[in-house]
Amino acid sequence: MTNFITIKNMSCSIGDTHILKNINLDFPGKGFVSLTGPNGSGKTTLGKVITGILPFQTGEVLIEGLDLKSMALPQIGRKIGYLFQNPDKQIFAPTVLEELAFGMKFKNCSEEEIRKKTNEMLDIFDLRLIKDSTSYFLSQGEKQRLAIAAVLLNNPEFLILDEPTTGLDIKRKEDLSTYLDRIRDKVGILMISHDKSFINRHSDRIIKLEEGCVVYDKRC
Ligand SMILES: Nc1ncnc2c1ncn2[C@@H]1O[C@H](COP(=O)(O)OP(=O)(O)OP(=O)(O)O)[C@@H](O)[C@H]1O
Ligand SMILES: [Mg+2]
């Protein structure tokens, strides 16, 4: 099977700081990979490089065999759904419903389809009671659930979730687990996390970064 993402000898610096050092990794289009490691080890940076948000200097990144550097951001965004570590960076629409519907409206989906899918997400992520609330005033856990639901609604072929369980209580973490179990056979998932129990529950492979290098990469 060809890999969905291939990273070859990739290094990334910001200013004079070497953040990612000679990374070689590949990710299939199915299954659940966790990326862990200490604060500042480069996990978020790696997620941003793969989604084209952050430029890298050496090596290459291929998405379904295509050179990432030749792809426009919207083209990458149609394939890869990316949950930011901080949901405040993600949420921009004035209300919960508008945030959920935005991507589908952009893709010219029918009103009926938008209603059906947003309704499904309102239930799965327990957002129905706050569907008309102003996004800005939501609690941290509510923002996190909204950001996750909005990313999932776009039906990406590959998902990068940067610390998706942050701020979620036990029940809402369980809801997220159930949903990820449902999609993991169809979508490749790369989850960045420090949450050991969530990692152990879901991963079929765990990668660890330390100081910008891959120090561990094993199937579970
Ligand atoms: N824009 C930037 N300019 C300079 N340094 C940066 C920038 N963004 C990140 N860094 C540095 O790069 C390193 C890796 O940061 P990154 O956010 O990728 O870590 P992380 O592994 O996601 O950590 P955490 O577990 O805290 O989320 C850190 O030392 C950070 O200070
Ligand atoms: Mg991070």
Side-chain angles (χ1 to χ4, degrees), residues 4-27 32-63 68-69 73 76-77 80-92 138-152 156 158-169 172-173 176-177 180 187-218 220:
F4 195 87
I5 296 168
T6 306
I7 303 173
K8 287 186 200 161
N9 304 320
M10 186 272 290
S11 297
C12 172
S13 303
I14 301 182
D16 293 335
T17 317
H18 299 302
I19 297 178
L20 296 172
K21 299 160 192 165
N22 199 38
I23 304 286
N24 286 283
L25 286 172
D26 38 53
F27 301 101
F32 201 113
V33 182
S34 289
L35 177 64
T36 189
N39 291 143
S41 54
K43 306 179 298 294
T44 293
T45 304
L46 182 60
K48 286 185 178 168
V49 163
I50 297 172
T51 45
I53 300 170
L54 198 67
F56 57 95
Q57 287 75 34
T58 53
E60 58 182 350
V61 177
L62 307 174
I63 310 289
L68 180 82
K69 287 190 171 170
L73 276 182
I76 302 166
I80 301 179
Y82 178 58
L83 176 78
F84 280 79
Q85 182 166 1
N86 177 355
D88 287 321
K89 295 228 170 105
Q90 184 123 5
I91 295 167
F92 61 93
L138 299 182
S139 79
Q140 214 50 32
E142 288 167 346
K143 281 184 189 169
Q144 184 73 337
R145 275 145 53 209
L146 172 59
I148 294 171
V151 169
L152 294 171
F158 194 92
L159 261 179
I160 299 179
L161 302 172
D162 198 344
E163 311 227 10
T165 62
T166 307
L168 297 193
D169 60 36
R172 274 54 174 254
K173 240 201 255 197
L176 177 62
S177 269
L180 292 178
V187 180
I189 301 170
L190 174 61
M191 178 184 74
I192 297 167
S193 184
H194 297 281
D195 186 333
K196 279 214 170 78
S197 64
F198 207 82
I199 291 174
N200 290 337
R201 165 155 180 186
H202 288 285
S203 312
D204 36 46
R205 178 178 161 203
I206 298 176
I207 298 168
K208 189 171 179 194
L209 282 187
E210 267 175 25
E211 296 181 8
C213 299
V214 176
V215 294
Y216 180 95
D217 182 355
K218 292 226 163 73
C220 310

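Note that ligands are numbered from 1 as they come in the structure, with each ligand's atoms numbered from 1 the same way.
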Keeping waters out of it, list the protein N, O or S atoms under 2.8 Å from the Mg ion (ligand 2). T44 OG1, Q85 OE1
Every residue of the protein that comes under 4.0 Å of ligand 1, judged on heavy atoms: I14, I19, P38, N39, G40, S41, G42, K43, T44, T45, Q85, E163, H194
Here the gap from I192 atom CD1 to Q85 atom CD, rounded to the nearest 0.5 Å, amounts to 7.5 Å
Contacts of S41 that satisfy side-chain contact (heavy atoms from CB on, under 4.5 Å) - sequence neighbours left out: P38, K43, L209
Exceeds 12 heavy-atom contacts within 6.0 angstrom, atom CD of E211: no
Counting only heavy atoms from other residues, nucleotides and ligands, does the tally under 6.0 Å from NZ of K69 exceed 12? yes
So does K21 have more than 12 non-hydrogen atoms from other groups sitting under 6.0 Å from NZ? yes
Going by distance alone, is a donor N or O of one side chain under 3.5 Å from an acceptor N or O of the other, for D195 and S197? yes
Looking at OG of S34 and CD1 of I207, how far apart are the two atoms once the value is rounded to the nearest 0.5 Å? 9.0 Å
Hits for salt bridge (Lys or Arg N to Asp or Glu O under 4.0 Å) against R201, two or more places apart or cross-chain, chain-then-number order -> E174, D181
Distance from I160 atom CD1 to F84 atom CZ, nearest 0.5 Å? 11.0 Å
